[in-house]
Amino acid sequence: MTAQIIDGTAIAKSLRAEIAEEVKRWQSQGRRLPGIAVILVGNDPASEVYVRGKRRDCDEVGFHSNVQHLSANVTQKDLEDRIQTLNEDASVDGILVQTPLPEHIDEDRIIDCIDPSKDVDGFHAYNIGLLALRRPAFRSCTPKGVMLLLDSIGIQPRGLDAAVIGASNHVGRPMGLELLLAGCTVTMAHKFTQDIAAKIRLADIVVSAVGKPGLVPPAWIKPGAIVIDVGITRGGNNKLYGDVQFDAVKEVAAWITPVPGGVGPMTRIALLQNTLQAARQRQTD
Ligand code: GUN
């Protein structure tokens, strides 16, 4: 079997066009355009690339975006005060603090400061809690993007066995909750998991979110499975690598995402959708 390649770039393009259409409708009704505020701290080149991409997406669909680029020496208090100001700014629908943050900043406390009704990243404990309670509000962008990908290729997850590799707060854990909410039986694999191959090989859907190039070999994959690669690591040659041994795994799987051009563009779509959702809620409150 040779897997069908899931073209996240193309799927994202058509979803972005839908969002742009909706923004045009808002504009014709004289409504305020959705707006997102992004805080970028320091000069991490990867973060700068991500933020530029988010800004470009906002421009393309007609959202306002405002990026505050702060020095790596910013204090915890200054960052918290800035978030408080954005929480109180009625023209801001969504707030995103780009991670990673410098070592001296307590990232959990920063996320706690964001008004949950503006938490378009879906990172706040309140939004993660709602997802765990089957009452999703703002869903974390990468897991939501993966669910949009599955939907766009016509997969009905209910009753399927799913495995998530990696249990991070921003991706692995909410990914497991999303798949559970969609009716999958979910295995979470992490660094303490024993005989990982035997466990992953039972899964109809495998999502790898570790950030270790080449981690997932074909021997871990059940023939005909759907393989979603969330890992993204920049090599010394500046090339991007996923977690999955793409060329070999595609000979076993039924569907597979490439890196780049798989999940990445869908994470950005989820952010746009969340921002639209936040704006809609603020304007109907
Ligand atoms: N760093 C890498 N990806 C993301 C993201 O989706 N949101 C935030 N806040 N930081 C990131």
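All ligand and atom numbering here is 1-based and tracks the order in the structure. Note: hydrogens, waters and symmetry copies are ignored here, and every other heavy atom, side chains too, is used.
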So I36 and I95, do their side chains get closer than 4.5 Å, heavy atoms only? no
Pi-cation contact, W220 with R201 (under 6.0 Å, within 45°): no
Protein N/O near ligand 1 N/O, under 3.5 Å, which pairs?
from	atom 1	to	atom 2	distance (Å)
ligand 1	1 (N)	Q98	NE2	3.0
ligand 1	1 (N)	T99	O	2.8
ligand 1	1 (N)	T99	OG1	3.4
ligand 1	7 (N)	D121	OD1	3.0
ligand 1	7 (N)	D121	OD2	3.3
ligand 1	9 (N)	V97	O	2.8
ligand 1	9 (N)	D121	OD2	2.5
ligand 1	10 (N)	T99	N	3.0
ligand 1	10 (N)	T99	OG1	3.0

Between S140 and R173, a side-chain donor and acceptor under 3.5 Å: no
Test: side-chain hydrogen bond (donor to acceptor under 3.5 Å, both in side chains). Region: residues 92-104. Which pairs qualify, not counting sequence neighbours? R32-D93, K54-Q98
Got a salt bridge between E80 and K77, using NZ or NE/NH1/NH2 to carboxylate O under 4.0 Å? no
Under a 4.0 Å N-O cut-off, is there an ion pair linking E178 with K144? no
